Amino acid sequence: MGCGSVANRYAIHVELVRKGNFTKAYGNWLDEAVYYAKQYNIPMTFNTGKKGFVTHAWVSDQLGGTNHQDPIAWLKQNGVSMTQLEKGLKAKYRGDTIVSPSTPPVTETPKPNVPSNIVVGAKVKVLPSAKKYATGQAIQAFIKGSQYTILQTKADRVRLSGINSWVYNRDVEVMKATVAPPVTSKKVYLPATASTWRIYGLTVSPIKVNTKAFLKPAKFGGLSYTILKKTWFRCI
């Protein structure tokens, strides 16, 4: 073990474990190297031939007594270059957080630019260009162009009523809200000349036998009422 018959007399050898979790082993390896550097006042130089850090490969090429080329191949296999190793050692020495290539930096995922009108309750139309549901199945032809209500939303998709399926935001078009025309109230006037006026139920024909009660317009000098709904009867 060690770094050869020549360098073993002058160096502290720190071995990188090749089994198990590389990310954990790599972090421990750097921690151990930095521990000894601080313990024995070893400067943060790398493969310079002076007091500092050298790889086994550097010892083989420059001092002899060994022919190993580690840790170059093993680190490269796990995505770490010699430049990254040098930066990692120096960063560890400073106390910075080291991120192994096997564990990419944690960055905040930008929130998708979801239109403000993609909300629960909105009416949408599935576009003719839509091909697949968010779950991967093909969207049937009769679904395209039809209007649905949004039941649930996620970052990039909506669940629609009627089909109860997830469709990507890009495949739907929010329908413009239609403005209802102003309601013009209409009234019915019962003249003061009418002594009585028959009242009928809403579910029966307006004939004498179905009379429910009477109004007395003459008593009040005439009456007026707002028409809420018209009921039509078909004569046969």
Side-chain angles (χ1 to χ4, degrees), residues 23 97 99-236:
T23 301
T97 300
V99 180
S100 166
S102 299
T103 52
V106 178
T107 56
E108 183 178 356
T109 303
K111 295 181 180 179
N113 185 20
V114 180
S116 59
N117 54 358
I118 297 286
V119 294
V120 173
K123 304 290 184 183
V124 297
K125 178 177 67 176
V126 178
L127 296 175
S129 58
K131 295 181 179 180
K132 291 185 177 182
Y133 293 108
T135 49
Q137 298 88 346
I139 296 178
Q140 303 91 327
F142 70 89
I143 299 294
K144 303 175 184 180
S146 298
Q147 184 174 311
Y148 303 94
T149 301
I150 296 177
L151 299 177
Q152 187 179 352
T153 64
K154 288 188 177 181
D156 62 344
R157 63 196 68 183
V158 291
R159 184 166 65 89
L160 303 180
S161 65
I163 57 176
N164 197 32
S165 297
W166 290 95
V167 179
Y168 287 115
N169 294 345
R170 64 173 181 265
D171 291 329
V172 298
E173 176 186 359
V174 178
M175 307 300 293
K176 294 182 179 179
T178 55
V179 180
V183 177
T184 303
S185 298
K186 293 185 177 181
K187 293 188 176 184
V188 60
Y189 296 91
L190 308 182
T193 56
S195 58
T196 60
W197 202 278
R198 296 178 186 273
I199 300 175
Y200 306 96
L202 295 175
T203 59
V204 297
S205 299
I207 57 178
K208 187 175 181 179
V209 295
N210 290 330
T211 300
K212 184 177 182 180
F214 291 92
L215 295 174
K216 297 180 179 182
K219 183 177 180 180
F220 300 98
L223 296 171
S224 67
Y225 297 93
T226 300
I227 298 175
L228 301 179
K229 183 179 180 181
K230 290 184 178 181
T231 303
W232 300 96
F233 291 91
R234 184 178 63 171
C235 296
I236 56 175

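Computed over heavy atoms, backbone and side chain alike; hydrogens, waters and symmetry mates excluded. These numbers were taken from a predicted model, which means no experiment stands behind them.
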Practice item. Could you tell me whether the side chain of S161 and the main chain of T149 form a donor-acceptor pair under 3.5 Å? Key: yes
**Study point:** Side-chain (K144) to main-chain (A130) donor-acceptor, under 3.5 angstrom
**Key:** yes
Min side-chain heavy-atom separation [X]-[Y] under 4.5 Å:
| X | Y | result |
| --- | --- | --- |
| V120 | L151 | no |
| Y133 | Q140 | yes |
| V167 | V124 | no |
| F214 | S195 | no |
| L215 | Y225 | yes |

Check your understanding: Under the side-chain contact (heavy atoms from CB on, under 4.5 Å) criterion, do I118 and V174 qualify, and how do the steps go?
Key -> CA-CA 7 Å; I118 297 286; V174 178; 3.7 Å; yes
Taking all heavy atoms of [X] and all of [Y], pick out the closest pair and write down the distance.
| X | Y | result |
| --- | --- | --- |
| F220 | K216 | CD1-O, 3.3 Å |
| P191 | P217 | O-CB, 3.2 Å |
| I207 | Y200 | O-CE2, 2.9 Å |

Within this structure, what is the [atom1]-[atom2] distance for the pair [X] and [Y], rounded to the nearest 0.5 Å?
| X | Y | atom1 | atom2 | result |
| --- | --- | --- | --- | --- |
| T211 | I199 | OG1 | CD1 | 9.5 Å |
| N169 | K154 | CG | NZ | 12.0 Å |
| K132 | D171 | NZ | CG | 12.0 Å |
| E173 | K125 | CD | NZ | 4.5 Å |
| R170 | L127 | CZ | CG | 11.0 Å |

Exercise for review: Check the pair W166 / Q152 against side-chain contact (heavy atoms from CB on, under 4.5 Å), numbers first and verdict last.
Suggested key: CA-CA 9 Å; W166 290 95; Q152 187 179 352; 3.5 Å; yes
Check your understanding: V126 and L160: side-chain contact (heavy atoms from CB on, under 4.5 Å), yes or no, with the steps?
Key -> CA-CA 10 Å; V126 178; L160 303 180; 3.9 Å; yes
**Study point:** Y148 vs V172, side-chain contact (heavy atoms from CB on, under 4.5 Å): CA-CA, chis, key distance, verdict
**Key:** CA-CA 10 Å; Y148 303 94; V172 298; over 6 Å; no
